[in-house]
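What follows is one structure encoded as structure tokens, with my remarks underneath.
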Amino acid sequence: MNAAIARLHEMAQRPSRRIVGLMSGTSLDGLDVALCRLTGHGAATQLALEHFATVPYDDDVRRRIRQVFARGQVSLEYLTLLNPWLGRLHARQLLNCLRTWQVAPADVDLVASHGQTVYHAPAHQHQQADFAGLSATLQLGDGDHLAQGTGIITVSDFRQKHLAAGGEGAPLATYGDYLLLSSSAEERLLLNLGGMANFTYLPRAGADARAAFSTDTGPGNTLLDAAVRAHRPGLAYDEDGRLARAGRAHPGLLGALLDHPFFTAPLPKTTGPELFSPAYLAAAQAQSGTAALGLEDLLATLVELSAAGVARAVRQVVAPGAPLPAVYTSGGGVHNPALLGALGRHLPGAAFASTAVLGVPPDAKEAILFAVLANEAVAGQPVELGAGRQRVPAVTMGKISWPG
Ligand SMILES: Nc1ncnc2c1ncn2[C@@H]1O[C@H](COP(=O)(O)OP(=O)(O)OP(=O)(O)O)[C@@H](O)[C@H]1O
Ligand SMILES: CC(=O)N[C@H]1[C@@H]2OC[C@@H](O2)[C@@H](O)[C@@H]1O[C@H](C)C(=O)O
């Protein structure tokens, strides 16, 4: 028998596994690395986060990814080269983390690698008549290169199975959120404020699991970051929302931005920077006569847009007058008081807390979720949330690469 298959068989039967989750999100800020001890599987999964770090990308890495990121037309040669290059980069970044943490690669059971999304094309968003009705998504950072570069069996490319089973390839947070964070005490909304904003709705544990699902709600930080970069080259984002807090939202521009069918489309839905791009912003500015708006007012408006997108989606889940579920926030947006303030205004009466109070550090959550998916791929069963009603297919996800 292949030694890697024997190792997989052995680790699948063990009570616990040590899995490192890797996530490189749409903000291109760096690689999130979460070393997890996962005990059990399915509803019995228990998480102990041993270490977490975000390894920042330098300007050269960001420049290379931006050559293809969310672009309709790219050099096919460049894209082909970027795939193994990112796999090797992520392998080196992971090995550096393990060295710092004094963990031997041989003591890690699995790498769970999301890779870098470079294009997300849900059926409702792309305009390719040849592929009408087909959803697709592409993540780079090849798993074989990670396995070969680290010597650790690697699970990668999680989104393809979700697509193959009828989903949009995202959000995948549903599964891990459901397994780790359902509560019998309360209904929950787990709100992730990354480049895109998305949430998972969790009914009370023990109630009808078929109600659990995740959806994107629109932009999170992506347009804020793009505006800051355009007006203040050298700055990556609006630190602590200082610029946005100094501005006033422009109602005409906000109205033009919200006047997009994405915001009224039924849930669940996914999107990305392909739609919520500088071109979308420029069109709304032209329509509202706000092309010359100052940066502070522009950011104040974009913060309102992100919060309004979240609130509109929440209102599609929660019946009018019904109490709002408890909201737990994660992602880089938790560090932006302007965004949190806007959310408070758009969802009055909601109780907000960070996922940290649930034992999941907000910056580490997405990397942890991929470790959970890899744990299910090896030791679990397809997570059954109900017959695909909310496009949450009952599948295990990820492709397995072994070294050697
Ligand atoms: N101190 C801060 N003040 C304001 N904004 C911040 C701060 N720290 C992080 N952010 C925002 O968070 C972003 C990074 O968020 P995160 O790492 O969650 O995104 P991501 O995982 O790349 O996105 P996605 O979840 O869409 O894939 C930054 O680009 C910035 O906009
Ligand atoms: C295609 C893709 O990479 N989507 C990401 C992105 O970042 C946030 C949002 O858009 C979400 O849909 C998803 O990531 C999380 C981890 C998910 O799948 O749940």
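One-based numbering, in listed order, for ligands and for the atoms of each.
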Margin query: Checking Arg245 against Asp238 for the salt bridge (Lys or Arg N to Asp or Glu O under 4.0 Å) test, could you report, in this order, the C-alpha distance in whole Å, the side-chain angles of both residues, the deciding distance, and whether it holds?
Written below: CA-CA 10 Å; Arg245 280 186 287 155; Asp238 178 16; over 6 Å; no
Next item on the list: Using a strict cut-off of 4.0 Å, indicate which atoms of ligand 2 neighbour a heavy atom of Ala170.
Entry: 12 (O)
Note to self: Taking Arg64 first and then Asp60, would you say they form a salt bridge - that is, a charged N and a carboxylate O separated by under 4.0 Å?
What the structure shows: yes
Margin query: So, regarding Asp216 and ligand 2 (criterion: nitrogen or oxygen to nitrogen or oxygen, under 3.5 Å), is there a contact or not?
Written below: yes
Notebook entry, point to check: Nearest to atom 4 (C) of ligand 1, what protein heavy atom do you find, and at what distance?
Noted result: Asp238 O, 3.2 Å
Next item on the list: Starting from atom 23 (O) of ligand 1, locate the nearest protein heavy atom and write down its residue, its atom name and how far away it is, to 0.1 Å.
Entry: Gly195 N, 2.8 Å
Item checked: Proximal candidate to atom 15 (C) of ligand 2 [heavy atom criterion; set His114, Met196, Glu366] -> Glu366
Notebook entry, point to check: So do the side chains of Tyr237 and His335 get within less than 4.5 Å of each other, counting heavy atoms only?
Noted result: no
Note to self: As an exercise, identify every atom of ligand 1 less than 4.0 angstrom from a heavy atom of Gly25.
What the structure shows: 20 (P), 21 (O), 22 (O), 27 (O)
Next item on the list: Evaluate the side-chain hydrogen bond (donor to acceptor under 3.5 Å, both in side chains) criterion for residues Glu304 and His346: first the C-alpha distance (whole Å), next the side-chain angles of each, then the deciding distance (0.1 Å), finally the verdict.
Entry: CA-CA 8 Å; Glu304 291 296 316; His346 283 265; 2.7 Å; yes
Note to self: Check for me whether Asn198 has a heavy atom closer than 4.0 Å to any atom of ligand 2.
What the structure shows: yes
Next item on the list: Using a strict 4.0 Å cut-off to heavy atoms of Thr117, name the atoms of ligand 2 that fall inside it.
Entry: 1 (C), 2 (C), 3 (O)
Check: Is the closest side-chain heavy-atom distance between Ile368 and Phe52 below 4.5 Å?
Finding: no
Check: Is the shortest N/O to N/O distance between Asp29 and ligand 1 below 3.5 Å?
Finding: yes
Checklist line | CD/Gln13: more than 12 non-hydrogen atoms of other groups inside 6.0 Å | finding: yes
Margin query: For atom 6 (C) of ligand 2, what's the nearest protein heavy-atom neighbour? Residue, atom name and distance, please.
Written below: Thr26 CG2, 4.0 Å
Check: Side chains of Arg18 and Val103: does their closest heavy-atom pair fall under 4.5 Å?
Finding: yes
Check: Can you list the atoms of ligand 2 that are under 4.0 Å from a heavy atom of Thr137?
Finding: 1 (C)
Item checked: For atom 31 (O) of ligand 1, closest protein heavy-atom neighbour -> Asp225 OD1, 2.7 Å
Notebook entry, point to check: With a cut-off of 4.0 Å, which atoms of ligand 2 are near a heavy atom of Ala173?
Noted result: 17 (C), 19 (O)
Next item on the list: Look at atom CD of Glu77 and say whether more than 12 heavy atoms of other residues, nucleotides or ligands are closer to it than 6.0 Å.
Entry: no
Next item on the list: Side-chain contact test, heavy atoms from C-beta onward, threshold under 4.5 Å: evaluate it for Pro325 versus Leu189 and give yes or no.
Entry: yes
Next item on the list: Would you mind listing which atoms of ligand 1 come within a distance below 4.0 Å of any non-hydrogen atom of Glu239?
Entry: 3 (N)
Check: Can an N or O of Glu366 be found at a distance shorter than 3.5 Å from an N or O of ligand 1?
Finding: yes
Item checked: Parallel, tilted or perpendicular: rings of Phe276 and Phe263 (30°, 60°) -> tilted
Item checked: Whether Trp101 and His51 hold their rings parallel, tilted or perpendicular, with breakpoints at 30° and 60° -> parallel
Note to self: I want to check something: taking the side chain as every heavy atom from C-beta on, are His126 and Ser135 in contact at a cut-off of under 4.5 Å?
What the structure shows: no
Next item on the list: Below 4.0 angstrom from a heavy atom of His335, which ligand 1 atoms are there? Numbered from 1 as shown, please.
Entry: 1 (N), 2 (C), 3 (N), 4 (C), 7 (C), 8 (N)
Next item on the list: Looking only at protein heavy atoms, identify the closest one to atom 19 (O) of ligand 1 and say how far it is in Å.
Entry: Ser27 OG, 3.0 Å
Next item on the list: With heavy atoms under 4.0 Å as the rule, classify the contact between Thr26 and ligand 1 as side chain, backbone, both or neither.
Entry: both
Note to self: Is the shortest side-chain heavy-atom distance between Thr26 and His120 below 4.5 Å?
What the structure shows: no
Margin query: Regarding ligand 1, does Gly241 bring an N or O atom to under 3.5 Å of one of the ligand's N or O atoms?
Written below: no
Notebook entry, point to check: Backbone or side chain, does any N or O of Gly332 fall under 3.5 Å from an N or O of ligand 1?
Noted result: yes
Margin query: Between ligand 1 and Gly331, is the shortest N or O to N or O distance under 3.5 Å?
Written below: no
Note to self: Side chain, backbone, both or neither: which applies to Asp240 and ligand 1 if a contact is any heavy-atom pair less than 4.0 Å apart?
What the structure shows: both
Notebook entry, point to check: Looking at atom 13 (C) of ligand 1, what's its closest protein heavy atom, distance included?
Noted result: Asn221 ND2, 3.7 Å
Checklist line | Identity and separation of the nearest protein heavy atom to atom 1 (C) of ligand 2 | finding: His120 ND1, 3.3 Å
Checklist line | Heavy-atom proximity to atom 4 (N) of ligand 2, best of Arg159, Met23, Gln139 | finding: Arg159
Margin query: For atom 17 (C) of ligand 2, what's the nearest protein heavy-atom neighbour? Residue, atom name and distance, please.
Written below: Leu172 N, 3.2 Å
Notebook entry, point to check: Hey, does Asn192 sit under 4.0 Å from ligand 1 if you only count heavy atoms?
Noted result: yes
Check: Does a side-chain heavy-atom distance below 4.5 Å link Val310 with Leu191?
Finding: yes
Checklist line | Residues Gln46 and Thr39: side-chain donor-acceptor under 3.5 angstrom | finding: no
Next item on the list: Considering heavy atoms of the protein only, find what lies nearest to atom 5 (N) of ligand 1 and give residue, atom and distance to 0.1 Å.
Entry: Tyr237 CD1, 3.6 Å
Checklist line | Side-chain heavy-atom pair Met397, Glu376 within 4.5 angstrom cut-off | finding: no
